[in-house]
**Q** 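Before we start, here is the structure in question, set down as structure tokens.
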Amino acid sequence: MTARRELGRRSLVGAAAAGWLLAPLRAPAQPVGKMVRIGWLANSQNTSTTKTVMQAFSEGMQARGWIDGRDYTIDPLFAEGHPERLPALAAELVRRHVDLIVSAGSPATAAARAATNTIPIVFFFVGDPIGSGFVSNLAHPVGNVTGLGGLGPGVSAKQLELLRAMLPSAKRIAMLINPSMSVHAANQAEMEPAARAMNLVIRPVPLRSPDDIDEAFATIARERVHALFILGQPFLFAHGERVARLAIEQRLAACIPFDEGVRSGLLMSYGWKILDDARRLPHYVERILRGAKPSELPVEQPSRFYLTINLKTARAIGLTVPQSILLSADEVIE
């Protein structure tokens, strides 16, 4: 099934979630009486993605009757591409006595969860909520954490399949991986048997922070690979153009899970959209601010995935994109 044919924006986990779908539509309820303070913990502030995500969140809150600056205020803290700063930033949000923390990505969520077990935390764009230890059950999260994330089985193998279809002659594929991220370990475990079935060799290359980018591409050059698969990390939003430039210099067909990487210059992406998560966030935030417990709100997994192709990059690396891929794409960037 192509990304275009996948129906539904999200699959909701558990009977409680099904009940939400059956509930009648209501006019936006009035916000609570006090000014609410929402902490926002993320990797980087100075990217178009961050601005788009926060704008979508604000619009979603407004649609529910909550006006930024009148009913709530956002207290944002950003690691600016250095995930090691996130624990201190999460502790700072706790000291500021925010009413709720929104955390973008696994590193930010891990930091927030370590900083507090009482302030509600709503995460988004998290690849493996269970493996990362944020929740033990998607349908019934326990404690102060819930949100949106979890790819489910088969996605990593599908990404590899698309990359192979893009470059049928490929035999060796490098994979940029952060060994400390549980979702990357899960991706690797799924991808390796899929690679063997396609007679491909996967060469894992460590990439833990922006400081590792140059060395990672030096390693890739020595490995003499034919294509590149990049597992998603929050700092790649801010460093996408740098990564894309290095991939193009080595004439590598590169695939990444999020389409922002393709807009930065990588060849292709297959994954869910962070903007879909941002538009769904207000549902969680409003319910919690009105008294619901995070444990009452099941974690939602993405059910729609998008294929995006950058034809300019294809020309730059001397690749002709197969017509079957173009017809399957949700977006083609000229």
Side-chain angles (χ1 to χ4, degrees), residues 42-47 49-50 78-89 104-108 110-111 125 127-128 131-132 156 159-160 163 166-167 170-192 195 200-271 310 313 316-319:
N43 182 66
S44 181
Q45 178 180 15
N46 297 315
T47 67
T49 299
T50 297
F78 300 95
E80 299 304 345
H82 295 277
E84 68 276 7
R85 299 175 184 172
L86 288 167
L89 296 176
S106 297
F125 213 60
D128 185 13
S132 299
S156 296
Q159 291 164 333
L160 185 62
L163 187 56
M166 179 70 80
L167 194 67
K171 296 298 181 183
R172 291 166 60 84
I173 296 178
M175 179 170 63
L176 290 178
I177 182 171
N178 186 336
S180 66
M181 295 181 66
S182 68
V183 64
H184 285 196
N187 290 153
Q188 184 177 5
E190 181 178 297
M191 199 171 287
E192 285 182 341
L200 294 173
V201 175
I202 299 291
R203 305 298 296 176
V205 178
L207 179 65
R208 296 177 174 85
S209 77
D211 297 335
D212 299 331
I213 291 174
D214 289 340
E215 177 57 31
F217 275 90
T219 301
I220 290 170
R222 290 192 297 270
E223 290 285 350
R224 299 183 181 278
V225 298
H226 307 115
L228 171 63
F229 187 81
I230 305 171
L231 296 176
Q233 299 190 66
F235 69 80
L236 290 171
F237 285 91
H239 294 270
E241 291 183 2
R242 178 182 169 197
V243 170
R245 184 182 69 254
L246 291 167
I248 291 171
E249 286 176 0
Q250 295 192 30
R251 299 175 68 84
L252 290 173
C255 180
I256 197 167
F258 44 82
D259 62 352
E260 287 83 0
V262 181
R263 299 181 199 287
S264 295
L266 292 169
L267 176 65
M268 64 184 293
S269 67
Y270 181 75
N310 190 319
T313 298
I317 64 175
L319 177 68

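Bear in mind the structure is a predicted one, so any value in this text is a computation, not a measurement.
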**Q** Taking all heavy atoms of Val205 and all of Ala174, pick out the closest pair and write down the distance.
**A**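 What the structure gives for the nearest pair is CG2-CB, 4.4 Å.
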**Q** Do you know the tightest heavy-atom contact between Ser264 and Glu241?
**A**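 Residues Ser264 and Glu241, closest heavy atoms: CB-N, 3.6 Å.
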**Q** Nearest 0.5 Å, what's the CG-CG distance between Leu266 and Leu252?
**A** 10.0 Å
**Q** Is Leu319 close to Arg251 at the side-chain level, that is, under 4.5 Å between some pair of heavy atoms?
**A**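 Of all side-chain heavy-atom pairs linking Leu319 with Arg251, none is under 4.5 Å.
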**Q** For Ala227 versus Leu167, what's the shortest heavy-atom pair and its separation?
**A** CB-CD2, 4.1 Å
**Q** Answer yes or no: is there a donor N or O on one side and an acceptor on the other, between the side chain of Gln250 and the main chain of Phe217, under 3.5 Å?
**A**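 Checked: pair present.
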**Q** For Glu84, look at atom CD and say whether over 12 heavy atoms of other residues, nucleotides or ligands are found less than 6.0 Å away.
**A**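 Result for CD/Glu84: enclosed.
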**Q** How far does CG of Asn43 sit from OG1 of Thr49, to the nearest 0.5 angstrom?
**A** 11.0 Å
**Q** Going from CG on Leu231 to CG on Asn178, what distance comes out if it is rounded to the nearest 0.5 angstrom?
**A** 9.5 Å
**Q** Side chain of Ser132, backbone of Ser182: donor and acceptor closer than 3.5 Å?
**A** no
**Q** Look at the side chain of His184 and the backbone N and O of Pro179, then say whether any donor-acceptor pair between them is shorter than 3.5 Å.
**A** no
**Q** I'd like to know whether Leu236 forms a side-chain contact (heavy atoms from CB on, under 4.5 Å) with Leu207, so could you lay out the CA-CA distance, the side-chain angles of the two residues, the decisive distance to 0.1 Å, and finally the verdict.
**A** CA-CA 10 Å; Leu236 290 171; Leu207 179 65; 4.2 Å; yes
**Q** How far does CE of Met175 sit from CD of Gln188, to the nearest 0.5 angstrom?
**A**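 Between Met175 CE and Gln188 CD, I get 4.0 Å after rounding to 0.5 Å.
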**Q** Specify the closest pair of heavy atoms between Cys255 and Leu163, including all atoms of both residues, with the distance to one decimal.
**A** CB-CD1, 4.1 Å
**Q** Decide yes or no for Ile173 and Leu160: does some side-chain heavy atom of the first lie under 4.5 Å from some side-chain heavy atom of the second?
**A** yes
**Q** Would you compute the distance between atom CD of Glu215 and atom CZ of Arg208 and round it to the nearest 0.5 angstrom?
**A** 11.5 Å
**Q** Mind listing the closest non-hydrogen atom pair of Leu176 and Ala216 along with its distance?
**A** CD2-CB, 3.8 Å
**Q** Can you name the residues that form a side-chain contact (heavy atoms from CB on, under 4.5 Å) with Arg224, not counting sequence neighbours?
**A**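 Counting only residues at least two positions away or on another chain, Arg224 forms no side-chain contact (heavy atoms from CB on, under 4.5 Å).
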**Q** Would the distance check show the side chain of Arg172 and the main-chain N or O of Glu223 forming a donor-acceptor pair, the cut-off being under 3.5 Å?
**A**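 Flag set: sc Arg172 to bb Glu223 pair under 3.5 Å.
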**Q** Of all the heavy-atom pairs spanning Ile202 and Ala195, show the shortest one and how long it is.
**A**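 Here Ile202 and Ala195 meet closest at CG1-CB, 3.5 Å.
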**Q** Measuring from Ile177:CD1 to Asn187:CG, what's the distance to the nearest 0.5 Å?
**A** 7.5 Å
